[in-house]
Amino acid sequence: MTSKNEAPVYCRLSSEPLILQEVIDAVSGPHLPGQGAITTFIGIVRDHNLGKSVVRLEYEAYPSLVLDTLAQIIRGIEHDIARSKVAIVHRDGVLAIGDAAVVIAASAPHREQAFEACRRAIEELKQDVPIWKKEISPTGEEWLGMRP
């Protein structure tokens, strides 16, 4: 996702299972010399929430808005944390217990910066990205957070 005056960022919405190595590769390698640390985050579907069982999750998203928002988050982090690089891929569709819902990698010259970038990425994603989550339990279903 780039425009003429913006550096490229790596973010994607996927209906397929997520692969951690994809985001690691996006924030490392010879095209990014000087990186001394990579941190990662994997958010997985758990079998419970707020004291009740969960059978599965269903995510819905408006792709262009999701990608624009993710790109803004990444650009903000990379601007604020010197020489950091962040990549994010989020699932869309039906996810089973144990499936990865989001994978994030952040690299930086030092571990403190990489940890900060990764933590900030997931926190801002959860707060700002318009991805709607429906939780299915044995007793019914419920939209959580923002609703479509």
#### Entry: Single-linkage hydrophobic cluster, 4.5 Å side-chain cutoff, Ile122 and Ile77 together
yes
### Query
Do the charged groups of Glu123 and Arg119 touch, with an N to O distance under 4.0 Å?
yes
### Task
First locate atom CG of Leu67, then atom OH of Tyr62, and finally report the distance between them rounded to the nearest 0.5 Å.
11.0 Å
### Query
So, do Ile74 and Cys11 sit near enough that their side-chain heavy atoms are less than 4.5 Å apart?
yes
### Message
Please report the interatomic distance CD(Glu142) to NZ(Lys134), rounded to the nearest 0.5 Å.
### Response
11.5 Å
### Message
I want to check something: taking the side chain as every heavy atom from C-beta on, are Glu58 and Leu95 in contact at a cut-off of under 4.5 Å?
### Response
no
### Task
Find the distance between CZ (Arg75) and CG (Asp80) and round it off to the nearest 0.5 Å.
13.5 Å
### Query
Considering only heavy atoms from C-beta outward, does the side chain of Ile73 approach that of Arg120 to under 4.5 Å?
no
#### Entry: Check ion pair Glu78-Arg83 (N to O, under 4.0 angstrom)
no
#### Entry: Leu144 side chain near Trp132 side chain, heavy-atom distance below 4.5 Å
no
### Query
So, Asp99 and Arg56, do they make that salt bridge, N to O below 4.0 Å?
no
### Message
The test is side-chain contact (heavy atoms from CB on, under 4.5 Å); show your working for Arg91 and Leu18 and say whether it passes.
### Response
CA-CA 7 Å; Arg91 278 292 301 271; Leu18 304 182; 3.6 Å; yes
### Query
Between Pro63 and Leu13, what is the shortest heavy-atom contact and its length?
CA-CD2, 3.9 Å
### Query
Are Ile131 and Ile136 connected in a single hydrophobic cluster, I mean Ile/Leu/Val/Met/Phe/Trp/Tyr linked by side-chain heavy atoms less than 4.5 Å apart?
no
#### Entry: Gap separating the CD1 atom of Ile24 from the OG1 atom of Thr39, nearest 0.5 angstrom
10.0 Å
### Task
Please check if atom CD1 in Ile19 has more than 12 non-hydrogen atoms from other residues, nucleotides or ligands closer than 6.0 Å.
no
### Query
Short question: side chain of Glu60, backbone of Gly93 - any donor-acceptor pair under 3.5 Å?
no
### Query
Between Val23 and Ile88, is any pair of side-chain heavy atoms under 4.5 Å apart?
no
### Summary
Heavy atoms of Ala108 and Gln113 approach each other most closely as CB-CB, 3.5 Å
### Query
CG/Asp92 to CD/Glu16 distance, rounded to the nearest 0.5 angstrom?
11.0 Å
### Task
State, with a plain yes or no, whether a side-chain heavy atom of Thr69 is found less than 4.5 Å away from one of Pro130.
yes
### Any donor-acceptor N/O pair, Ser107 side chain to Val27 backbone, under 3.5 Å
yes
### Task
Flag the pair Ser137 / Val54 as yes when at least one side-chain heavy-atom distance between them is below 4.5 Å, and no otherwise.
no
## Note on the structure
When Leu20, Val102, Leu125 are each screened for side chain to side chain contact (heavy atoms under 4.5 Å, CB included) with Phe41, the one that passes is Val102
### Query
Would Ile44 end up clustered with Val103 when hydrophobic side chains under 4.5 Å apart are linked, directly or stepwise?
yes
### Task
Rounded to the nearest 0.5 Å, what's the gap from CG on Leu70 to CZ on Arg12? Could you check?
12.0 Å
### Query
Can Val94 be reached from Ile97 by stepping across I, L, V, M, F, W or Y side chains whose heavy atoms are under 4.5 Å apart?
no
### Task
Identify whether the distance between the nearest side-chain nitrogen and carboxylate oxygen of Glu135 and Lys133 falls below 4.0 Å.
no
### Query
At their closest point, which heavy atom of Val86 faces which heavy atom of Ala106, and how far apart are they?
CG2-CB, 4.2 Å
### Query
Is it the case that more than 12 heavy atoms not belonging to His79 sit under 6.0 Å from its NE2 atom?
no
### Query
Hey, does Glu22 have a side-chain heavy atom less than 4.5 Å from the side chain of Tyr10?
yes
